[in-house]
Amino acid sequence: MLILFLSACIPVRDEILLSHDDWRGTTTVTVNEREVFRSDDGDGLMTARPVITRGPDGRAFGVLLNVRRRDANEPRIDRVTSGRQVLTYTAHDRLLTHCIDGCQPAEVGVITLTEAAFHIAAQSGLPLRVWGQRGRYEGTVPAEAFLRVLAAVNAAPKHAVAQPRSGADTGAGRLGDRDMPKP
């Protein structure tokens with residue numbers, strides 16, 4: 001009983017999320033999403049979480065992005081920048097999400113980073129500007145979130161990763177729809 005009570009005291013935001021996909025032979029490490037932007041009127045919201053996917057052909061680094069609105073207009077992301085650099089962004093889906101007190105239209109996707117960029121973000125955070133057809137969102141993914149993912153990847157035992165099926169495109173080194181978990 002005491003253990004159950006004490007486990008309830010662990011902050012949810014500090015949780016490391018680890019998943020293994022035997023079919024693809026990948027292991028994904030991430031943290032819970034963090035709110036990095038909320039508009040003044042409360043209609044626009046952006047959450048993000050760093051992610052590393054490990055597979056038979058190496059590692060892929062990125063940030064899972066969830067941009068949503070609390071009105072009828074769904075977000076449509078045109079580009080994502082950090083400083084003056086345009087980042088590689090791949091949309092995964094547009095859907096209704098967070099249906100606690102009314103569903104919110106959202107666009108979810110992934111920003112692909114190099115390993116070096118991921119390590120830099122672990123020191124200083126990752127400032128983001130998301131340019132959309134229905135608004136702009138600006139916030140910073142905290143360095144601490146990147147550090148937690150890196151620490152978990154370095155501490156986690158190496159999974160015995162399954163070999164890709166014969167003739168399968170493994171997409172080594174890049175994050176795409178097949179490689180990233182849906183937020």
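Being a predicted model, the structure only gives us computed values, none of them experimental. Note that the numbering runs from 1 along the sequence shown for the chain.
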Inset, instruction - For residues Ala122 and Leu150, report the shortest heavy-atom separation together with the two atoms involved. - result: CB-CD1, 3.7 Å

Inset, instruction - Would you mind reporting whether Val149 and Val31 have side-chain heavy atoms less than 4.5 Å apart? - result: yes

Inset, instruction - Examine distances only and state if a side-chain atom of Glu35 and a backbone atom of Thr47 form a donor-acceptor pair shorter than 3.5 Å. - result: no

Inset, instruction - Identify the two heavy atoms, one from Pro75 and one from Pro105, that lie closest to each other, and give their separation to 0.1 Å. - result: CD-O, 3.4 Å

Inset, instruction - Measure from the side-chain N and O atoms of Ser39 to the backbone N and O of Gly44, and report whether any donor-acceptor pair falls under 3.5 Å. - result: yes

Inset, instruction - Please answer: with hydrophobic residues joined when any side-chain heavy atoms are less than 4.5 Å apart, are Val153 and Phe146 in the same cluster? - result: yes

Inset, instruction - Take Ile111 and Thr88, measure what side chain to side chain contact (heavy atoms under 4.5 Å, CB included) needs, and give me the verdict at the end. - result: CA-CA 6 Å; Ile111 300 165; Thr88 302; over 6 Å; no

Legend entry - Pair Arg34, Asn32: side-chain N/O donor-acceptor within cut-off below 3.5 Å: no

Inset, instruction - Give the C-alpha distance, both sets of side-chain angles, the deciding distance and a yes or no for salt bridge (Lys or Arg N to Asp or Glu O under 4.0 Å) between Arg129 and Glu138. - result: CA-CA 4 Å; Arg129 286 186 133 180; Glu138 186 172 6; 3.4 Å; yes

Legend entry - Hydrophobic cluster membership, Leu147 vs Leu126, 4.5 Å side-chain cutoff: no

Legend entry - Check: His92 side chain, Val110 main-chain N or O, donor-acceptor pair, under 3.5 Å: no

Inset, instruction - Hey, can you tell me if His119 and Phe61 have their rings parallel, tilted or perpendicular (30° and 60° cut-offs)? - result: tilted

Legend entry - For Leu87 against Ser82, the heavy-atom pair lying closest together: CD1-CB, 3.9 Å

Inset, instruction - Group every Ile, Leu, Val, Met, Phe, Trp and Tyr by side-chain heavy-atom contacts under 4.5 Å, then state whether Ile52 and Ile16 land in the same group. - result: yes

Legend entry - Side chain to side chain, Leu17 and Arg49, heavy atoms closer than 4.5 Å: yes

Legend entry - Under 3.5 Å donor-acceptor, Thr30 side chain and Pro50 backbone: yes

Legend entry - Arg76, CZ: over 12 other non-hydrogen atoms inside 6.0 angstrom: yes

Legend entry - Side-chain heavy atoms of His20 within contact of Arg54, under 4.5 Å: no

Legend entry - Path from Leu45 to Phe37 over hydrophobic side-chain contacts below 4.5 Å: no

Legend entry - Nearest-0.5 Å distance, CG of residue Asp78 to OH of residue Tyr89: 10.5 Å

Legend entry - Linked, directly or transitively: Val63 and Leu18 (ILVMFWY side chains, under 4.5 Å): yes

Inset, instruction - Check whether any side-chain N or O of Thr81 sits under 3.5 Å from a backbone N or O of Arg84 as a donor-acceptor pair, and report yes or no. - result: no

Legend entry - Heavy-atom side-chain contact between Val108 and Leu64 under 4.5 Å: no

Inset, instruction - Could you check Met46 against Glu33 for side chain to side chain contact (heavy atoms under 4.5 Å, CB included), going step by step and ending with a plain yes or no? - result: CA-CA 10 Å; Met46 179 171 65; Glu33 62 185 1; over 6 Å; no

Inset, instruction - Output yes when Arg69 and Glu107 qualify as a salt bridge under the 4.0 Å nitrogen-oxygen rule, no when they do not. - result: no

Inset, instruction - Give a yes or no answer on whether the side chain of Thr53 reaches the backbone of Ala60 with a donor-acceptor pair at less than 3.5 Å. - result: no

Inset, instruction - Decide whether a cation-pi geometry holds between Arg79 and Trp131; the criteria are a distance under 6.0 Å from NZ or CZ to the six-membered ring centre and an angle within 45° of the ring axis. - result: yes

Inset, instruction - Evaluate the side chain to side chain contact (heavy atoms under 4.5 Å, CB included) criterion for residues Leu128 and Leu65: first the C-alpha distance (whole Å), next the side-chain angles of each, then the deciding distance (0.1 Å), finally the verdict. - result: CA-CA 10 Å; Leu128 295 176; Leu65 196 61; 4.2 Å; yes

